[in-house]
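What follows is a set of notes on a single structure, which appears directly below.
Naming: A, B, ... by sequence-line order, numbering from 1 per chain. From a predicted model like this one, the values you see are computed outputs, not experimental measurements.
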Amino acid sequence: MEILQIKDLSFTYPNTDSPAADGINMTVNQGEFILVCGASGCGKTTLLRLIKKELSPAGNLKGEILYNLDAKGFKETASAFDVGFVFQNPDSQIVTDSVWHELAFGLENMGIPSDTVRRRVGEMASYFGINEWYHSKTDSLSGGQKQILNLASVMVMDPKILILDEPTSQLDPITASEFIKTVYSLNREFGITVIIAEHRLEELFPLADRVAVMDGGNLIFYGSPEKACGALKDNPIFEGFPSAVKIFEGTKDLTELPEGYQCPLTVRDCKKYLNANFSHLSGKEVKVISPEPANPVIEAENLYFRYDKNLPDILRSMSISVCENEIMGILGGNGAGKTTALNVIAGAEMPYRGHVKIYGKKIKDFKNNSLYRNMLAYLPQDPQCIFVKNKVSEDFEAALAALNGKNQNIGSEIERISEELGISHLQNMHPYDLSGGELQKCAVAKLMLTDPKIMLLDEPTKGLDAVSKNKLISLLRKLRSKGMTFLIVTHDIEFAAGICDRCAMFFDGGIISQSAPNEFFSSNRFYTTSSHRACRDIFPNAILTDEVIGLCRGNV
Amino acid sequence: MSAYSKLHPLTCLVGYLCILIPAMFIKNPVIQLTSLLGSVLFLSVICDRKTIGSDLGFYIPLFVLMAVTNPLFSHNGATPLFFMNGNPVTLEAVIYGIFMSVMITSVLLWCKCYGIIINSDKIVYLFGKSLPKLSLLLSAALKFIPELKRRFRLTSSAQKTLGQYSTESYTDRIKRMCGVFSSVIGWSLENAVEKNNSMKARGYGMPGRSNYSIFKMTAADKTISVLYIACLSLTLAGAFTGKLYFSYYPTVSGIPDSPLALASYFSYFVCAMIPIIVESEEAIRWKYYRSKI
């Protein structure tokens with residue numbers, strides 16, 4: 001049964017010429033799991049908001065969206081309660097201060113009497129495992145808990161269609177995959193129609209019944225995920241597809257597959273495919289050039305840190321050294337203290353024992369901000385934090401003026417850096433109007449104004465799509481070739497494997513192991529890239545899809 | 001969580017008023033001492049030792065200060081004890097000072113206790129009864145304030161590591177702070193738009209909104225409320241008939257001990273002890289149930 005029908009839908013925002021959605025036709029069946037993907041700015045969010053009538057943006061709308069929610073035929077409208085919507089940012093969609101009130105909020109709006117509300121809220125809270133923190137303040141929850149609460153407080157209204165707009169982009173990978181599993185089980189166990197937009201395709205691809213791929217406001221593909229793989233091979237969106245798909249598409253011409261062989265979507269199927277077709281290459285290794293030891297520029301020894309006298313240690317005897325001109329990655333679980341470690345190294349927090357040396361000089365010996373001038377720059381997790389003015393260019397000017405005084409040639413300096421990073425066209429934008437990738441670039445540019453030798457980055461790939469991620473990688477490589485040193489804290493295993501010279505594992509308040517990525521990830525069984533999980537039987541130290549494809553083709 | 005704070009918000013509010021009205025308006029030493037005794041006992045039950053220790057350090061000097069100030073400035077009273085700078089320091093003024101500080105300290109302590117008992121959930125509920133919109137607004141504000149604080153901390157720390165604060169100059173630092181503050185305000189407006197979307201998406205603004213709360217009026221809540229009101233009525237009856245009248249000036253009168261006054265003392269004592277009784281009843285019950293495990 002069809003539940004949603006979109007006919008010739010076009011939408012143009014006011015004061016723009018090109019449509020954000022252009023001639024979209026799609027139907028969604030009852031109980032389907034639809035994945036909507038595409039690069040940032042492709043019109044995903046616009047489409048999702050048009051489906052949820054209450055959030056329809058103002059603009060010029062043509063075409064129709066029809067709902068068939070009770071199997072009695074198509075209608076033009078759906079009530080606010082039949083279509084549930086979960087937003088991207090876990091924090092800003094929470095309305096009230098207590099968890100129980102947040103869960104009841106939608107039901108209050110429906111005008112449901114207290115006793116029924118109590119029963120339905122209780123039921124939802126136990127289904128989502130909220131009982132433990134039912135009486136908590138929403139402010140005290142972790143990001144993952146917040147997003148589960150958002151999902152639960154939408155589900156409590158018993159929607160027929162659940163729409164999620166990049167719900168996991170602000171979560172770490174483990175929390176994100178738990179969240180996706182919860183959504184998937186809602187779909188499987190209760191038959192709720194799910195329409196989800198995401199950048200994180202690795203996990204969602206195998207789960208989706210159909211994939212809708214958008215590009216420049218057009219729906220360029222709508223069909224099963226297996227078919228999407230072959231059809232979109234040359235589209236930039238392919239960068240974000242699961243490793244299994246990329247390996248398959250990169251190597252299938254070397255094999256003689258039977259007609260109609262389905263593209264593998266999961267690590268399991270990819271492993272089967274590789275073992276069946278490439279076992280004769282077994283044992284081949286990627287040549288790893290181990291970096292020559294250079295002089296260390298960040299030396300942290302025996303750091304101990306806690307936020308308050310009575311709280312437990314976050315850092316316990318943590319030591320790390322980063323060499324000149326290298327990209328070092330710190331990986332580790334959620335809430336392990338990686339960000340705290342970075343804060344301490346950046347001098348934003350002071351350890352109660354141990355010290356950090358930058359270029360051989362202790363942090364406290366850098367007087368009067370000299371640490372943050374021509375030396376060290378720190379990009380926090382939320383890059384919006386570093387902008388304080390209403391325009392990117394104004395912000396840059398103010399920052400430079402504060403650093404160097406007004407007599408410097410500010411304009412030319414900004415121009416030089418903007419051109420180098422390719423953000424000249426963004427100078428007149430408000431920082432909040434930038435997309436994730438653009439914001440990240442502008443933030444790096446702002447850090448570059450201080451002309452740093454060392455840059456610390458906290459989760460730089462949070463919320464970025466595959467294309468922006470690749471752009472960030474090439475940007476960081478370019479800056480490194482000019483002599484800069486990077487220390488990056490990240491959850492993103494594939495990103496770390498692709499860019500780092502050395503990776504370190506943060507666990508239990510300190511660094512427990514560090515080595516070059518190929519060695520680091522190939523000695524891990526679980527905490528490693530999906531390409532490596534798929535190929536480890538044949539190629540013991542390949543960790544990137546390109547490496548696997550290269551080994552299969554014999555040109556590494 | 002204390003047993004008393006599990007009571008219904010309305011019962012808590014009734015208890016609060018029943019204890020405060022006599023304590024503030026009846027100038028009778030017995031009433032005031034009862035109030036102080038009740039508040040100290042209650043505080044010692046619901047707070048941990050550390051807080052009590054630091055509270056003592058605040059309230060005892062305050063008590064002494066208030067008690068000493070009155071005789072120094074007020075020279076009424078018929079019994080001079082000694083002369084200071086040619087002014088009499090009278091026995092009556094000393095006694096009045098002591099009882100004023102008993103009154104003020106006990107009121108402060110009760111307010112502290114009920115500040116702990118009546119948390120934001122209960123406040124939102126109490127307001128929501130009469131003004132549902134206001135209760136939602138309150139709840140949203142309570143969510144928003146910590147968010148704003150965190151944002152401010154993040155932004156200013158990010159600005160610090162960008163070298164935007166010159167550590168020397170105060171005016172510079174204040175200027176930067178203002179910049180951070182205005183950006184945080186901008187962020188909060190942006191945030192408000194998203195919050196509004198989220199409210200709309202969940203059907204806010206549809207007619208016939210109901211008001212849900214996790215609180216349920218139980219039989220115990222009702223009994224305690226009735227007991228409170230009965231006790232208050234009896235105490236007030238004593239006060240309005242003048243049977244509790246006590247004068248400090250020009251000479252200290254005797255403590256009223258008519259039957260009605262005694263009944264009033266007793267009923268106020270019950271009022272002041274209800275919180276402790278609720279707490280210890282719960283503790284005893286718990287011990288009893290645990291002995292059966």
Parallel, tilted or perpendicular: ring planes of B:F42 versus B:Y4, cut at 30 and 60 degrees
perpendicular
At a 4.5 Å cut-off on heavy atoms, which part of A:H135 comes close to chain B: side chain, backbone, both, or neither?
side chain
Applying side-chain hydrogen bond (donor to acceptor under 3.5 Å, both in side chains), run through B:Y228 and B:Y16 and close with a yes or a no.
CA-CA 10 Å; B:Y228 262 130; B:Y16 189 39; over 6 Å; no
Checking side-chain polar atoms at under 3.5 Å, does A:Q88 have a donor or acceptor matched by the opposite partner on A:S169?
yes
With a 4.5 Å cut-off on heavy-atom pairs, point out which of A:D91, A:I112, A:L447 contacts chain B the most.
A:D91
Does any heavy atom of chain B fall under 4.5 Å from the side chain of A:Y134, the backbone, both, or neither of them?
side chain
Give, as side chain, backbone, both or neither, the part of B:E190 having an atom under 4.5 angstrom from any heavy atom of chain A.
side chain
Partner residues of A:R49 under the salt bridge (charged side-chain N to carboxylate O under 4.0 Å, His left out) criterion, sequence neighbours left out:
none
Say whether B:D48 and B:T51, considering side chains only, have a donor N or O and an acceptor N or O under 3.5 Å apart.
yes
Under 4.5 Å from a heavy atom of chain B, the part of A:S114 involved:
both
For chain B, which residues from residues 92-102 of chain A lie under 4.5 Å away (heavy-atom distances)?
A:S92, A:Q93, A:I94, A:V95, A:T96, A:D97, A:S98, A:W100, A:H101, A:E102
Select one option (side chain, backbone, both, neither) describing which atoms of A:N390 are under 4.5 Å from chain B's heavy atoms.
neither
Which atoms of A:F87 are under 4.5 Å from chain B, going by heavy atoms: the side chain, the backbone, both sets, or neither?
side chain
Region of A:S79 in contact with chain B, defined by heavy-atom distances below 4.5 Å:
neither
Can you tell which part of A:I386 gets under 4.5 Å to a heavy atom of chain B, answering side chain, backbone, both or neither?
both
Portion of A:Q384 that has a non-hydrogen atom of chain B nearer than 4.5 angstrom:
both
Is the NZ or CZ atom of B:K160 positioned over A:Y372's six-membered ring, under 6.0 angstrom from the centre and within 45° of the axis?
no
Which bit of A:K53 is near chain B, if near means a heavy-atom gap under 4.5 Å: side chain, backbone, both or neither?
neither
What one should report as the nearest heavy-atom pair of A:Q147 and A:P167 is NE2-O, 2.7 Å
